[in-house]
Amino acid sequence: MNHTDCKSTPSKKNVPLHSIALVGNPNSGKTALFNRLTGSHQKVANYAGVTVERKEGKMTTDTGQQLHVIDLPGIYSLTPLTKDEEVTQTALLDKTADIPVDLIVYVADATNLKRNLKLILDVIALGHPTILALNMTDLARKRGQIIDLELLQQELGIPVVETIAIESNGIGKLLEILNLYACNGFPANAGSNRYGSEKKSSTLESRRILDNVIKKHADTYTLNQKIDALVLHPVFGFPILVIILFFMFQAVFSWAEVPMEWIENGIGATGEFLATMLPDGILRSLVVDGIIAGIGSIIVFLPQILILFFFILILEESGYLPRAAFMMDKMMSSIGLSGHAFIPLLSSFACAVPGIMATRTIKNPKDRIITILIAPLMTCSARLPVYSLIIGAFIPNRTIGLFNLQGLVLFGLYISGIFAAVMVAWVLNRLLGKNDYQPLLMELPSYHLPRMRNIAIGLWERARIFLIRVSTIIFATSVLLWVLSSYPVPPEGTTGTAIQYSFVGRLGHLIEYIVQPIGFNWQIAVALIPGMAAREIAVSALGTVYALSASGDDLSITLAPLISSNWSLPTALSLLAWFVFAPQCFATLGVIRRETNSWKMMFFAIIYLFGLAYLASLATYHISCFLLDQ
């Protein structure tokens with residue numbers, strides 16, 4: 001069927017926009033298929049809870065028809081037990097929705113048809129026109145499994161097609177059917193009469209169908225099981241996880257050194273060039289001291305952020321992350337949580353916002369609340385520029401044995417956040433009432449060699465998000481901070497830098513009375529305020545404030561050596577402790593309010609996080625002053 005054939009049929013002109021819902025178990029390849037159909041760059045990962053809200057996109061068929069595609073969260077049953085399962089159930093059953101479902105494409109893992117078939121029958125019984133996309137058929141064949149597709153299609157009463165969603169040419173048969181349906185309309189669901197009206201047991205039916213359609217089963221002892229025997233070993237499994245994480249944080253400093261130097265030199269050269277080109281005055285101060293100093297001080301950390309995400313994407317793509325969740329399950333049970341909380345908390349290392357949203361996969365309401373409250377303690381990527389700035393300024397770049405000292409300190413900061421989260425969870429679990437232990441039950445996905453296309457997409461998305469923040473919120477904040485730091489101008493005949501007489505200078509000196517006990521000066525106090533909008537802004541704010549505070553030759557010095565000459569080591573350590581505990585940003589607080597539907601819970605999070613931050617900084621500053629005799 002081609003474009004001309006479809007349009008030449010008089011009765012089929014102006015075919016309305018049809019809505020397609022992608023449904024299936026977690027790890028079945030729904031999001032990969034969604035990306036392939038719509039050209040979207042939604043994140044693909046091998047663990048449950050990635051798609052916690054429905055994702056929407058549009059595709060145009062070869063016949064010129066537009067189809068609305070919805071990627072629904074993965075489910076195991078039409079009886080919802082978690083928040084994300086409720087999203088899928090509502091989309092399938094709500095006929096009054098803004099975009100009602102016209103067609104269901106059920107995406108099933110061909111390597112584990114047994115896990116999928118009962119839900120397939122339940123979905124067919126809903127009565128929607130349905131297509132079964134049997135995904136990962138290449139892996140099933142490699143393992144020796146043979147499925148009779150024609151017989152499976154007869155048994156189910158719906159079209160069945162093979163797909164390999166991660167391959168560019170792996171969904172051709174599905175596209176052919178969608179092209180046909182877009183032109184001629186979607187047929188009725190023949191299987192709904194069989195499995196809906198007769199009220200047959202879907203469990204018994206799935207067993208009968210499996211016995212008929214699977215002609216040869218896969219090998220029982222696969223390469224996946226051989227690898228799991230090592231990485232899930234009760235003795236060796238946890239050390240392997242620690243070594244992987246340790247290597248990741250070492251690489252953040254070691255691998256990023258050269259590209260960071262390039263960026264830093266480029267920013268310095270740009271600032272010097274603009275300083276010579278622009279006449280002395282307000283415009284040069286705005287460009288050099290405001291924009292270049294603010295944005296330049298933050299963009300230099302992009303290589304470290306990308307290296308961190310490179311490792312996270314590798315772990316996701318390979319299928320290792322759910323194994324890590326299983327290993328952490330027993331340990332997390334000691335603080336009253338199950339392994340279900342591990343993946344939302346791990347997601348919070350990237351950003352607490354999607355991490356908190358991923359708690360929708362947690363069945364127990366109390367566990368979900370506790371996980372939401374401790375997620376901000378995970379060290380998000382926005383804190384990395386702050387950590388890198390202070391570590392680079394105060395910790396020598398040398399090795400201890402085989403290890404980079406700066407990488408060791410960074411690893412320690414991440415461990416501090418995890419330890420704090422464990423302690424807070426232990427306390428909250430006892431305050432809210434202890435639950436019975438609920439072991440983690442999760443289908444382990446197959447191991448995959450990471451695909452460079454998905455890695456590249458993930459890194460590009462992270463770089464794009466970072467650069468958008470730099471060009472919007474960080475740029476605007478740097479300009480605003482420059483204005484507030486430059487005005488009002490100091491009276492004639494005064495000595496010292498102009499910023500001390502500005503709005504920012506006066507505000508900073510006022511707040512200094514509050515933060516002085518924890519070792520902060522007025523410049524740090526000023527940087528903490530815009531840092532609530534986004535953690536990275538604290539670095540750009542320091543860049544702007546110190547650029548305007550400096551004089552003479554100091555103007556050409558980069559931020560790291562400038563703060564190392566103005567701060568004591570206890571002050572630097574105190575600021576690191578502050579950022580381990582303080583609330584991440586306004587967006588995090590907003591999503592806590594939305595996910596808990598409680599203003600009280602949000603304000604509780606603000607109070608306890610700021611309280612922890614102040615106490616930790618206070619203790620760190622005075623203990624380090626005592627030990628260093630300062």
Side-chain angles (χ1 to χ4, degrees), residues 17-62 65-76 84-85 87-92 97-110 116 119-120 123 128-138 159 161-179 181-182 186 313 316-317 319 347 354 357-358 360-361 445 448 451 453-458 460-461 464:
L17 176 67
H18 292 294
S19 176
I20 301 174
L22 303 182
V23 180
N25 290 168
N27 308 315
S28 60
K30 287 187 302 82
T31 303
L33 181 59
F34 176 77
N35 289 345
R36 189 66 64 188
L37 291 172
T38 64
S40 177
H41 291 164
Q42 293 297 331
K43 186 179 180 183
V44 179
N46 290 310
Y47 54 83
V50 175
T51 307
V52 292
E53 287 185 326
R54 71 184 201 180
K55 305 289 192 298
E56 299 182 10
K58 292 182 180 180
M59 65 167 289
T60 303
T61 68
D62 292 343
Q65 309 302 306
Q66 271 202 329
L67 302 176
H68 193 96
V69 186
I70 305 170
D71 178 22
L72 294 172
I75 59 172
Y76 291 105
D84 59 331
E85 290 177 344
V87 173
T88 299
Q89 185 203 48
T90 301
L92 296 179
D98 294 338
I99 307 175
V101 173
D102 294 320
L103 173 71
I104 294 175
V105 175
Y106 189 102
V107 186
D109 180 358
N116 289 265
L119 179 57
I120 292 172
V123 169
H128 292 289
T130 304
I131 300 172
L132 173 59
L134 209 54
N135 200 34
M136 306 184 201
T137 51
D138 56 332
V161 296
E162 291 186 341
T163 60
I164 307 174
I166 58 176
E167 299 287 350
S168 58
N169 58 349
I171 62 171
K173 294 181 180 179
L174 176 61
L175 290 176
E176 287 179 11
I177 294 182
L178 294 179
N179 290 337
Y181 285 3
F186 300 145
L313 289 168
E316 289 177 351
E317 278 282 312
S347 300
M357 292 172 63
R360 297 176 186 179
T361 60
H448 299 284
R451 294 186 174 268
R453 178 180 181 274
N454 291 338
I455 300 294
I457 288 174
W460 164 246
E461 286 296 302
R464 185 179 65 85

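All heavy atoms count here, side chains included; hydrogens, waters and symmetry mates do not.
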- Message: Among residues at least two apart in sequence or on other chains, which ones pass side-chain hydrogen bond (donor to acceptor under 3.5 Å, both in side chains) with T137?
- Response: none

- Minimum heavy-atom distance E317-I455, with the two atoms named: CG-CD1, 3.8 Å

- Task: Hey, could you give me the CG/CD1 distance between L67 and I20, rounded to the nearest 0.5 Å?
- Result: 4.0 Å

- Task: Find out whether I164 and N169 are in side-chain contact, i.e. whether some heavy atom of one side chain is under 4.5 Å from a heavy atom of the other.
- Result: no

- Query: Quick one: CD1 on I70 to OG1 on T38, what's the gap to the nearest 0.5 Å?
  - Reply: 12.0 Å

- Closest non-hydrogen contact found for A165 with R36 is O-NE, 3.2 Å

- Applying side-chain contact (heavy atoms from CB on, under 4.5 Å) to I177 and not counting sequence neighbours gives I131, P159, V161, Y181

- Residues two or more places apart in sequence or in another chain: which of them pass side-chain hydrogen bond (donor to acceptor under 3.5 Å, both in side chains) with Q89? none

- Given L72 and L92, is the side-chain contact (heavy atoms from CB on, under 4.5 Å) satisfied, shown in steps? CA-CA 9 Å; L72 294 172; L92 296 179; 4.1 Å; yes

- Query: Heavy-atom distance under 4.5 Å between the side chains of L37 and V105, does that happen here?
  - Reply: no

- Query: Could you go step by step and tell me if M59 and L178 meet the side-chain contact (heavy atoms from CB on, under 4.5 Å) rule?
  - Reply: CA-CA 10 Å; M59 65 167 289; L178 294 179; 4.1 Å; yes

- Apply side-chain contact (heavy atoms from CB on, under 4.5 Å) to L119 and Y76, showing your working. CA-CA 7 Å; L119 179 57; Y76 291 105; 5.7 Å; no

- L132 side, atom CG; E162 side, atom CD - distance, nearest 0.5 Å: 10.5 Å

- What residues, two or more places apart in sequence or in another chain, satisfy side-chain hydrogen bond (donor to acceptor under 3.5 Å, both in side chains) together with D109? T111

- Donor-acceptor pair, side chain of T88 and main chain of P73, under 3.5 angstrom: yes

- So how far is it from N135 CG to L33 CG, rounded to the nearest 0.5 Å? 7.0 Å

- Query: Between K30 and G24, what is the shortest heavy-atom contact and its length?
  - Reply: CD-N, 3.4 Å

- Query: Can you tell me how far OG of S19 sits from NE2 of H128, rounded to the nearest 0.5 angstrom?
  - Reply: 10.0 Å

- Query: How would you list, by chain and number, every residue that makes a salt bridge (Lys or Arg N to Asp or Glu O under 4.0 Å) with E167, sequence neighbours excluded?
  - Reply: R451

- Are the charged groups of R464 and E461 less than 4.0 angstrom apart, N to O? yes

- Message: Can you tell me which residue among N116, L134, L22 is in a side-chain contact (heavy atoms from CB on, under 4.5 Å) with Y106?
- Response: N116

- Note on the structure: Across all chains, not counting sequence neighbours, the side-chain hydrogen bond (donor to acceptor under 3.5 Å, both in side chains) partners of S28 are none

- Measuring from K173:NZ to L175:CG, what's the distance to the nearest 0.5 Å? 12.5 Å

